Student: 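I have a structure I would like to understand better, so I am pasting it below and will then ask my questions one at a time.
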Amino acid sequence: MTIIDGKKISEDILNEISLEVKQRTNKGYKTPHLAAILVGNDGPSQTYVNSKIKACEKVDFKSSLFSYDSNISEEKLIDEIELINNNDDIDGFIVQLPLPNSINQENILNSVNPNKDVDGFHPINYGKMTIGIDSFIPATPYGILELFKRCKISLDGKKCLVIGRSQIVGRPISILLSQSNEFCNATVTLAHSRTIDLDKLALDSDVIISAIGRPEFLKAEMVKEGAIIIDVGISRVKDDSSKKGYKIVGDVDFKNVSKKASYITPVPGGVGPMTIAMLLRNTLVACRKND
Ligand code: NAD
């Protein structure tokens, strides 16, 4: 069994990005600049945004954080986005989700300039990804693809079960893995909360990617010997032995499933760090296009 070290792989990617930034700077090219929009004061969202900003420092990107009160109107937020769309110094930006219920998420994501949409959530980028045209790929599925690539795990012809159909993880990774690309070409089943006989589907799968956010949902009895397991889930569970009072766990019962898996990603240290690395890579690509 091999534990896929997403932390190490993401550090390799950050080093590659950092090197390119140095080379760009030496040649007088622009420094990549990533901006983030944060609405309200949701704890996990603040943590995610802070780690993205911190990662920018590691690779010498410029970063900007635009924070707004949770009572900002949708119109005002769209005006602010328009300013960022027109700011030539900013190469790419993200709108940290979720947004407050008073704001229509679709309207906001549609107002992001597709050329700066480094999260890949604008319908133009999402559509391009779906039909296999070069575009910004959402960072988490992009990170999963990169893990397969760097670990030389080919899914060619393999039965792959994706659990969870969110627009940001489950659906895009199911689309990407079924495409005729290197390391992909999988036969994909997309399961969700209305799926019947999930246990049976899981047991029949060569690869399982779980993105549902239910702590240790995937048990060893649901996994066949030698399966490849990618755990996207991030849940906080009470842990009195930790200073914070909680610990982070994935969707997979790692202790027992790892005994049967051929490859498995841990939580933390698997898919999570890859997400940030791929966001930065998308930003570098956006910056190159402005050269
Ligand atoms: P979501 O929370 O929007 O939706 C959950 C999905 O799981 C839904 O499609 C639902 O149908 C499905 N689901 C829920 N219970 C199920 C069950 N019992 N059986 C089958 N399907 C079920 O999804 P999301 O935003 O993709 O987040 C999923 C998890 O991934 C969360 O824990 C989130 O924190 C984590 N996440 C991690 C990263 C990362 O970088 N590692 C990135 C994004 C999300």
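Bear in mind the structure is a predicted one, so any value in this text is a computation, not a measurement. Below, all heavy atoms of this structure are taken into account, side chains as well, without hydrogens, waters or symmetry copies. In each ligand, atom 1 is the first atom listed, and ligand 1 is the first ligand listed.
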Student: Pairs of donor and acceptor atoms involving the side chains of residues 89-103, under 3.5 Å and at least two apart or interchain, shall be tabulated with distances.
Tutor:
| from | atom 1 | to | atom 2 | distance (Å) |
| --- | --- | --- | --- | --- |
| D89 | OD2 | H33 | ND1 | 2.8 |
| D89 | OD2 | K62 | NZ | 2.7 |
| D91 | OD1 | K30 | NZ | 3.3 |
| D91 | OD1 | N290 | ND2 | 2.9 |
| D91 | OD2 | K30 | NZ | 2.7 |
| D91 | OD2 | H33 | N | 2.8 |
| Q96 | OE1 | K52 | NZ | 2.9 |

Student: Under a 4.0 Å heavy-atom cut-off, which residues neighbour ligand 1?
Tutor: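 Contacts of ligand 1 under 4.0 Å: T140, I163, G164, R165, S166, I168, V169, H192, S193, L198, A211, I212, G213, R214, F217, V232, G233, I234, V271, G272, T275.
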Student: For a quick test of your reading: what N or O donor-acceptor pairs under 3.5 Å do the side chains of residues 217-234 make, sequence neighbours left out?
Tutor:
| from | atom 1 | to | atom 2 | distance (Å) |
| --- | --- | --- | --- | --- |
| K219 | NZ | E216 | O | 2.7 |
| K224 | NZ | D206 | OD1 | 2.8 |
| D231 | OD1 | G233 | N | 3.2 |
| D231 | OD1 | D251 | N | 2.8 |
| D231 | OD2 | D251 | N | 3.1 |
| D231 | OD2 | V252 | N | 3.0 |

Student: If every non-hydrogen atom of C184 is compared with every non-hydrogen atom of L176, which pair is closest and at what distance?
Tutor: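 Looks like SG-O, 3.5 Å.
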Student: Please list all pairs passing the salt bridge (Lys or Arg N to Asp or Glu O under 4.0 Å) test where one or both residues lie in residues 140-149, with sequence neighbours left out.
Tutor: E146-R150, E146-R281
Student: Does NZ or CZ of K289 lie under 6.0 Å from the centre of the six-membered ring of F136, at an angle within 45° of the ring axis?
Tutor: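 Checked: cation-pi criterion met.
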Student: For residues L161 and A202, report the shortest heavy-atom separation together with the two atoms involved.
Tutor: CD2-CA, 3.6 Å
